[in-house]
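Take a look at the structure set out below.
Numbers restart at 1 for each chain; the letters A, B, ... are given by sequence-line order, proteins then strands.
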Number of protein chains: 2
Amino acid sequence: MHNRLCYIVQLPIKCQCLLETFMRMRALTDQNTKKTTIYDLAQLAGTSAGTVSAVLNGNWKKRRISEKLATKVRNLADEHGYALNMQASTLRKEKSGIIGMVVPMYDNRYFSSIAQTFERMARAAGYFPIVTCTQRDPELELTAARTMLAYQVEYLICTGATDPDKIHDLCAPAGVPTLNLDLPGKKASSVISDNYAGAFKLTKKILAAAPERSQGSLFVGGREADHNTQERIRGFRDAHAEIGITVTEDQILACGYASQKAAAALSRFLKDAAEPPATMFVNSTISLEGVVTSLRENDLATQDKIVIGCFDWDPFAELLGGNIFMVRQDVETMMNALFSIIREGSEAEIVTIEVPPVL
Amino acid sequence: MHNRLCYIVQLPIKCQCLLETFMRMRALTDQNTKKTTIYDLAQLAGTSAGTVSAVLNGNWKKRRISEKLATKVRNLADEHGYALNMQASTLRKEKSGIIGMVVPMYDNRYFSSIAQTFERMARAAGYFPIVTCTQRDPELELTAARTMLAYQVEYLICTGATDPDKIHDLCAPAGVPTLNLDLPGKKASSVISDNYAGAFKLTKKILAAAPERSQGSLFVGGREADHNTQERIRGFRDAHAEIGITVTEDQILACGYASQKAAAALSRFLKDAAEPPATMFVNSTISLEGVVTSLRENDLATQDKIVIGCFDWDPFAELLGGNIFMVRQDVETMMNALFSIIREGSEAEIVTIEVPPVL
DNA sequence: CATTGATGCATGATCGATTGTGCAATAAAC
DNA sequence: GTTTATTGCACAATCGATCATGCATCAATG
């Protein structure tokens with residue numbers, strides 16, 4: 001069945017050198033295109049494929065294979081650079097060992113740290129992590145999820161997904177559990193930052209450091225529709241309420257996260273205002289980029305003049321100097337929570353874990 | 001062969017409600033754990049698995065399947081949320097469509113931009129991209145490469161790899177071509193920044209903007225052993241030579257990339273020096289973090305006092321203000337070069353493409 | 001010497017999708 | 001009416017690894 005036929009031809013002496021060249025090429029091609037399989041190793045070791053498989057995947061003890069044969073097979077595997085064919089293995093075992101994650105972007109510290117930590121922990125848990133970024137494109141989110149399903153992922157983590165519940169509905173019929181990270185969903189467990197508490201603390205901090213000024217605070221960035229922004233605005237409001245200040249609608253610029261949008265929104269605000277705001281709550285480092293740019297353009301350095309609080313962390317932003325405070329979402333703890341849910345199994349009910357960020 | 005047996009049992013009426021509950025559970029479990037296969041769809045459509053396969057993978061025209069049957073099969077597939085089993089498909093076709101990439105880290109703009117662009121372009125080229133970060137761990141680099149081989153990647157891109165040639169040697173016997181990105185290798189084609197030209201230009205720029213001072217320039221960050229650092233030092237030297245200055249060994253602090261190392265090396269330097277350097281060439285944003293920290297600690301703001309050139313780009317670093325110039329490695333062009341090599345096929349000889357970075 | 005048990009391995013079915021081959025049924029050509 | 005061509009599909013082998021089953025061989029026991 002698995003015999004690889006080999007035609008041996010008798011050639012006249014004249015052709016010997018040609019033959020040699022051919023054999024070298026074949027050897028090269030063989031090694032270059034044909035991967036060694038357990039059948040090849042079985043033939044070389046004079047044993048069966050099943051035995052080779054047992055030796056290489058570690059349960060040869062159970063199958064009572066002799067130490068001697070096991071060693072021989074392992075040596076041959078090393079010599080020939082044997083690599084397991086995961087597709088075949090997965091197909092048979094019906095378990096891929098793959099855990100998937102979709103993230104919106106890599107290009108800020110929060111998400112890149114999530115991706116990096118996810119890979120590390122997944123590997124430590126014995127999974128093969130596949131991370132893919134969906135460019136904040138809802139369409140691509142679904143396509144990516146579908147593709148991950150095709151690759152038989154055992155778990156799918158939806159990070160900052162536009163519509164995590166739709167992804168859940170895609171995965172559920174295939175028996176693939178999902179988890180939400182950063183943004184919560186209703187149909188699967190979620191691990192998110194404690195946005196309210198973080199925003200509340202951060203706001204108190206900047207209010208305490210704020211200079212006296214008629215023009216009060218400003219909230220910049222994020223989308224009113226998204227859960228995180230709502231919670232942060234609530235924290236922002238309540239921290240003000242605590243010292244007897246009511247935040248009005250015009251103090252909230254939920255203009256989206258993109259830096260250009262934040263810059264534009266802030267510039268518009270500054271044009272109408274008599275005085276710059278005393279404090280600003282900026283909803284992400286991405287938005288902060290826009291805020292800083294806008295301040296530059298309006299000849300307002302960060303230094304001392306305006307106290308900024310940013311819900312997110314970036315090392316260089318921190319070095320910007322001036323009165324800038326950042327809360328750092330606790331990625332390590334969030335990811336630990338995530339993997340503890342995964343370890344518990346999907347039996348449990350739907351939970352939402354809120355991890356406090358650190359100032 | 002592929003019949004899924006279904007035992008139908010006649011139960012006394014008493015048990016009817018129990019049965020109902022059972023059926024609901026079974027339905028749930030069935031839908032939750034068993035994925036729909038082409039055999040399931042074939043049975044539902046009253047046709048054969050081969051036909052279903054042909055319909056779903058698009059070559060049903062070639063196989064002369066009627067429009068009517070094709071539509072029926074497609075509808076059934078949609079209804080039942082059918083997802084292709086890639087493992088089975090790959091196993092049979094002996095082509096996975098997977099393209100792999102290893103990167104050292106995600107947490108700086110350069111590498112995260114590379115990862116992001118890679119994913120986008122790979123998808124556009126019809127591949128399924130798998131990116132994994134190896135934490136600058138040479139051991140993990142090899143392990144990751146081996147795992148990628150097991151998953152039957154068709155191509156492997158080694159980004160900033162410690163020893164790309166070793167990875168090549170791992171992949172070659174399996175017939176998997178490799179490409180090097182960012183750091184060159186000898187055994188496969190490479191796409192890298194034109195480090196010499198970039199460094200030369202950047203150095204000229206900071207020299208032109210430099211204040212007159214006895215203490216000249218400093219080169220901070222990177223490893224003497226790595227190709228990029230060598231080339232940048234060469235550019236740094238030559239730009240000085242052009243205006244008649246010879247760079248001495250003590251002006252080169254190739255202390256590694258890590259920010260702490262850069263901070264420590266610079267602080268040590270500043271302790272011994274009578275005066276701070278007029279200009280500094282910093283070898284990456286990571287190192288720049290350390291440099292800025294060290295300057296802070298030594299009460300030297302960036303403002304006007306020291307002209308800094310950084311070989312790498314970060315939006316916030318750019319906003320730091322003061323005399324700081326950054327060259328941005330041209331990721332888009334580099335990745336285009338990479339994929340054009342991939343499209344050409346691996347027939348061609350080993351080439352090294354140097355892409356000029358932009359100031 | 002016959003029976004039991006342990007040891008060491010081979011055999012073959014199986015996972016799901018793909019694809020070359022072949023065989024009916026109908027249509028077209030002579 | 002017979003031959004040829006075309007349409008429309010079913011069948012079965014195959015990819016590589018896994019694992020339940022089974023069959024020799026040899027030692028131990030009665």
Check the distance between [N]'s [atom2] and [X]'s [atom1] and give it to me in whole angstrom.
X     : N      : atom1 : atom2 : result
B:Q87 : C:dA17 : CD    : C1'   : 12 Å
B:D40 : C:dC15 : CG    : C1'   : 13 Å
A:L69 : C:dT7  : CG    : C1'   : 13 Å
A:K68 : C:dT7  : NZ    : P     : 18 Å
B:L41 : D:dC9  : CG    : P     : 16 Å
A:L91 : C:dA17 : CG    : P     : 9 Å
B:N85 : D:dG16 : CG    : P     : 16 Å
B:K61 : D:dT6  : NZ    : C1'   : 15 Å

Want to settle it: does B:E94 or B:T51 sit nearer the 5' end of DNA chain D, counting the closest nucleotide to each?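 The residue mapped nearer the 5' terminus is B:T51.
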Would you mind telling me which residue lines up with the more 5' stretch of DNA chain D, B:A88 or B:R64, judged by nearest nucleotide?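 Looking at the nearest nucleotide for each, B:R64 comes out on the 5' side.
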Checking all strands, does A:I65 fall into the base, sugar-phosphate, or nothing category for heavy-atom contacts under 4.0 angstrom?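 Here A:I65 touches the backbone only, sparing every base.
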Remember a base hit wins even if backbone is also touched, and classify A:L56 as base, sugar-phosphate or nothing at under 4.0 Å, heavy atoms. nothing
State whether [X] places a side-chain N or O below 4.0 Å from either non-bridging phosphate oxygen (OP1 or OP2) of [N].
X     : N      : result
A:S48 : C:dT11 : no
A:Y82 : D:dA17 : yes
B:S66 : D:dG8  : no
A:S53 : D:dT18 : yes
A:T47 : C:dA10 : yes
A:N57 : D:dA17 : no
B:N59 : C:dT18 : no
B:T37 : C:dC15 : no

Checking D:dG8, C:dA13, C:dA17 against the side chain of A:R92 (C-beta onward), the nearest is C:dA13
Taking the side chain of A:Y39 as heavy atoms from C-beta outward, which of C:dG16, D:dT18, C:dC9 is closest to it? D:dT18
Test item: B:L170 and B:K166 side chains (from C-beta on) under 4.5 Å apart, heavy atoms: no
Could you tell me whether the side chain of B:R63 has a donor or acceptor atom within less than 3.5 Å of a complementary atom in the base of C:dG20?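 Counting by modelled atom types and ignoring angles, a donor-acceptor contact under 3.5 Å is found here.
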Is it the case that the side chain of B:N59 and the backbone of B:K62 share a donor-acceptor pair, with hydrogens and angles ignored and the cut-off at 3.5 Å?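 Side chain of B:N59 to backbone of B:K62: no pair is present.
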Roughly how far, to the nearest 0.5 Å, is [atom2] of [Y] from [atom1] of [X]?
X      : Y      : atom1 : atom2 : answer
B:I341 : B:S190 : CD1   : OG    : 8.0 Å
B:Q87  : A:K93  : CD    : NZ    : 11.5 Å
A:D169 : A:K187 : CG    : NZ    : 3.5 Å
A:H80  : A:D40  : NE2   : CG    : 9.0 Å

